[in-house]
Every structure is written in C-alpha cells, then in structure tokens.
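Here the structure is laid out as structure tokens; the discussion comes afterwards.
These numbers come from a predicted model, not from an experiment.
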Amino acid sequence: MVGNAYGKSALSATITMPNLDKYLEKIQAAGNNIDDTCKEAVNAALPIVEKSMKAGAERHRKTGDVVNAIEVTPAKQEGNYVYGTVGINMEKHPEAAEGVFQEYGDGHSPEFPDPFVRPAVDDNRKEILVAERAVLKKKGVPID
C-alpha cells in the first residue's frame with residue numbers, strides 16, 4: 001500500500017504493507033521472521049519511489065536543493081504497522097521550499113504545478129507491488 005502525507009512533511013510518500021494480517025501466518029509457517037520480512041518488502045519498494053521522485057524534481061532543477069533534499073527513511077515498525085518514507089522533511093530542509101510550489105503550484109507561474117511526489121507513487125504502483133511481492137515470495141510466503 002502506498003499513500004501520501006500532507007502535513008508538516010507535505011513532500012513525502014509513505015510505503016506500507018497492506019493486509020498485513022493475512023500474510024503473518026503464512027510468513028510464520030514459512031519459518032521467517034514476520035517483522036524482518038515485511039521491512040525487507042517495504043525497503044524493496046523505496047528505491048522505486050525515490051528514483052521517480054528525484055526524476056520529477058529534476059524537471060525544475062535550479063539549485064539542486066529540492067533534488068538533494070529527497071531522502072529515504074528505511075522501514076520502521078510501530079506495532080503491526082510497517083512503513084518506510086521517501087520525501088523531503090521541510091523542517092530539516094527549508095532550503096527545498098521550491099518543491100512545494102512545484103508539487104502544488106504557486107498561483108502565478110504557468111509551469112507550476114508539476115507534481116513529483118504524488119506521481120512517484122501513483123505512476124509506480126504496479127512496480128512497487130511487484131517488488132514487495134518478490135520479497136515475500138523469496139521468503140517463502142505463498143502469495144500466488
């Protein structure tokens with residue numbers, strides 16, 4: 001499952017594992033650590049989103065601040081929620097504020113909006129799911 005965050009870190013995308021409960025028993029039966037397997041699956045998807053997001057940000061490269069501020073946070077776990085993030089933490093990288101205008105528009109420039117965060121997820125859903133499923137399958141989860 002992929003989604004977008006709109007808040008303090010409005011320029012990020014979060015990758016998650018959907019329907020986690022249905023996989024838990026299968027992963028256990030395959031003898032693999034559930035948490036590690038799900039983290040590995042999420043981590044397999046993050047480079048797909050990062051590559052697409054950086055390519056989109058490159059379209060309006062001026063100083064490189066936006067492209068250089070795009071970071072990957074590897075998979076973490078909170079309870080049964082496993083997630084990883086790709087994006088710009090605006091508190092950490094205020095110099096990348098131009099990315100907000102690129103993503104949402106500035107109300108004046110005809111070249112904006114030209115989103116790069118949302119399409120990084122939306123345009124790559126199939127590839128993201130393939131990457132996650134490949135890890136699950138490698139770990140012995142009967143997903144087919």
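Atoms CZ and CD, from F112 and E103 in turn, are 11.0 Å apart once rounded to the nearest 0.5 Å. Interatomic distance, CE of M53 versus CZ of R118, reported as 11.0 Å (0.5 Å rounding). Separating the CG atom in N80 from the CG atom in D35 is a distance of 7.5 Å, to the nearest 0.5 Å. Separating the CD atom in E40 from the CG atom in L136 is a distance of 9.0 Å, to the nearest 0.5 Å.
No side-chain donor-acceptor contact under 3.5 Å links E95 to the backbone of A97. A donor-acceptor contact shorter than 3.5 Å is absent between the side chain of R61 and the backbone of V66. Remark: the backbone N or O of G56 is paired with a side-chain donor or acceptor of Q102 at under 3.5 angstrom.
Hydrophobic clustering of Ile, Leu, Val, Met, Phe, Trp and Tyr side chains at less than 4.5 Å, counting indirect connections, unites V86 with M90. Under a hydrophobic-cluster definition in which Ile, Leu, Val, Met, Phe, Trp and Tyr are linked whenever side-chain heavy atoms come within less than 4.5 Å, directly or via other members, V72 and V121 are assigned to the same cluster. V82 and V135 end up in different hydrophobic clusters when Ile, Leu, Val, Met, Phe, Trp and Tyr side chains are linked at under 4.5 Å. Neither V67 nor L11 shares a network with the other; the hydrophobic side chains, linked directly or stepwise wherever heavy atoms of I, L, V, M, F, W or Y lie under 4.5 Å apart, form separate groups for each.
Using a 4.5 Å heavy-atom threshold, the side chains of H60 and E98 count as separate.
In terms of the side-chain contact (heavy atoms from CB on, under 4.5 Å) criterion, residue partners of N124 (sequence neighbours excluded) are, by chain and number, I48, S52, E127, I128.
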Residue pair K54, E58: steps toward the salt bridge (Lys or Arg N to Asp or Glu O under 4.0 Å) verdict: CA-CA 6 Å; K54 285 186 174 189; E58 276 288 345; over 6 Å; no
